[in-house]
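Data first, discussion second: the structure below is written as C-alpha cells.
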Amino acid sequence: MPAADPADAVFSALADGTRRDLFALLGQHGEASATELARELPVSRQAVQKHLGLLAGAGLVAARRAGREVLYHPTPGPMSEALEWMAEVGRQWDDRLAALDRQLARGRTSA
Amino acid sequence: MEAPTMNKAVERELLVPEAPDEVWHSLTEPAWLGEDASIELEPAGEVRAGERSGFVEEADEPRRLVFWWSAPDEETSRVELDLDKVEGGTRVRVTESRPLELLTLRARDLAVELDVAGGTGPVAYAGGAAPVMG
C-alpha cells in the first residue's frame, strides 16, 4: 500500500462544503480564475485561492496561465464525468426555466 | 440539512411575478419542458419530453412537483420543482439529481474508506455517514 493514498487527498479535499461548491462551480464554468469564482461564493478571493490549492493538491483541478491571469479547470478523471453532467443538465434547466418564464409572460401581456 | 458528499445535483431558480397557483397551472401546459412534452400532474402520472419519459412521484398542488425521468441509454434522474410564495411572486426552484448513482458512488466510497482505514480505525469524511454497527 502506498504511503499516501490518493483517495485520502481526494476525500479530504472534498470534505469541505466550500470546496465542494467551488469544485461544482468550476465544473459549470469549465474554466475560471479565482477572482471570478470568488464573486459567486460567499468567501474571499484569498480563501478561494487557498481552497483551489488544496483541490489542485488532490489532483482534482489544474491551473494554466492566460496573460496576466491564472485559470483553473477540473482535471479529467472519475469526477469530470459528473461535472459534465451537471453542466449539461444545468444548461437544459436554464433553457426550460426561460421557456416557462416566456410562457407565463404571455399571460402578463394578454391578460 | 447537509448535502451528501458527491451528490450530483443541479439547482436552478426562477423568480416570476405570478402566484404559485398560476405557475402551477402553467406547468400543465408543458411546452416549456421541451418539444412534444406532456405531464400528468398526479402521482404515477406520465411525463414525456422529447425522447425522455418518466413518471410523477409527488404532486402537491401548488407547491411541489417531483418526477423521475430518463432518456434512452441514460441513467434515471429525479427532478424536484418547488414553488415558493415570495414577496412579489413565486420562486421556482428546480433540483435535478441522480440518487441511484449516488448509491453506487457511496458504496464505492465506503469500500475505499474501509480499505484506507486498515487497522487504524475509521476514517471520517464530511457528509458520508460511516457504517454504524449494532
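Below, chain A is the first sequence line, B the second, and so on; all start at residue 1.
Residue Leu60(A) is grouped with residue Val70(A) when hydrophobic side chains (ILVMFWY) are merged at heavy-atom distances under 4.5 angstrom, including chains of intermediate members. Residues Val10(B) and Leu15(B) are members of separate hydrophobic clusters, defined by side-chain heavy-atom contacts under 4.5 angstrom among Ile, Leu, Val, Met, Phe, Trp and Tyr. Taking hydrophobic clusters as Ile, Leu, Val, Met, Phe, Trp and Tyr residues chained together by side-chain heavy-atom distances below 4.5 Å, Leu41(B) shares a cluster with Phe67(B). Taking hydrophobic clusters as Ile, Leu, Val, Met, Phe, Trp and Tyr residues chained together by side-chain heavy-atom distances below 4.5 Å, Val43(A) shares a cluster with Phe23(A). Cluster membership check: Leu41(A) shares its hydrophobic cluster with Tyr72(A), using side-chain heavy-atom separations under 4.5 Å among Ile, Leu, Val, Met, Phe, Trp and Tyr.
The shortest side-chain heavy-atom distance between Leu27(B) and Leu100(A) falls under the 4.5 Å cut-off.
Heavy atoms of Val79(B) lying under 4.5 Å from chain A belong exclusively to its side chain. The contact between Glu29(B) and chain A is made by backbone and side chain atoms together, counting heavy-atom distances below 4.5 Å. The parts of Ala31(B) that come within reach of chain A are both its backbone and its side chain, each placing non-hydrogen atoms under 4.5 angstrom from that chain.
In this structure, Asp94(A) CG and Arg12(B) CZ are separated by 4.5 Å, a value rounded to the nearest 0.5 Å. Thr95(B) OG1 to Trp93(A) CH2: the interatomic distance, rounded to the nearest 0.5 Å, is 9.5 Å. A distance of 6.5 Å separates CH2 of Trp32(B) from CG of Leu97(A), quoted to the nearest 0.5 Å.
No other option in Arg102(A), Gln92(A), Arg96(A) has as many heavy-atom pairs under 4.5 Å with chain B as Arg96(A).
Here the closest heavy-atom approach between residue Pro17(B) and residue Arg108(A) is recorded as CD-NH2, 3.3 Å.
By the 6.0 Å contact criterion, NE2 on His25(B) is open, its count of non-hydrogen atoms from other residues, nucleotides or ligands being 12 or less.
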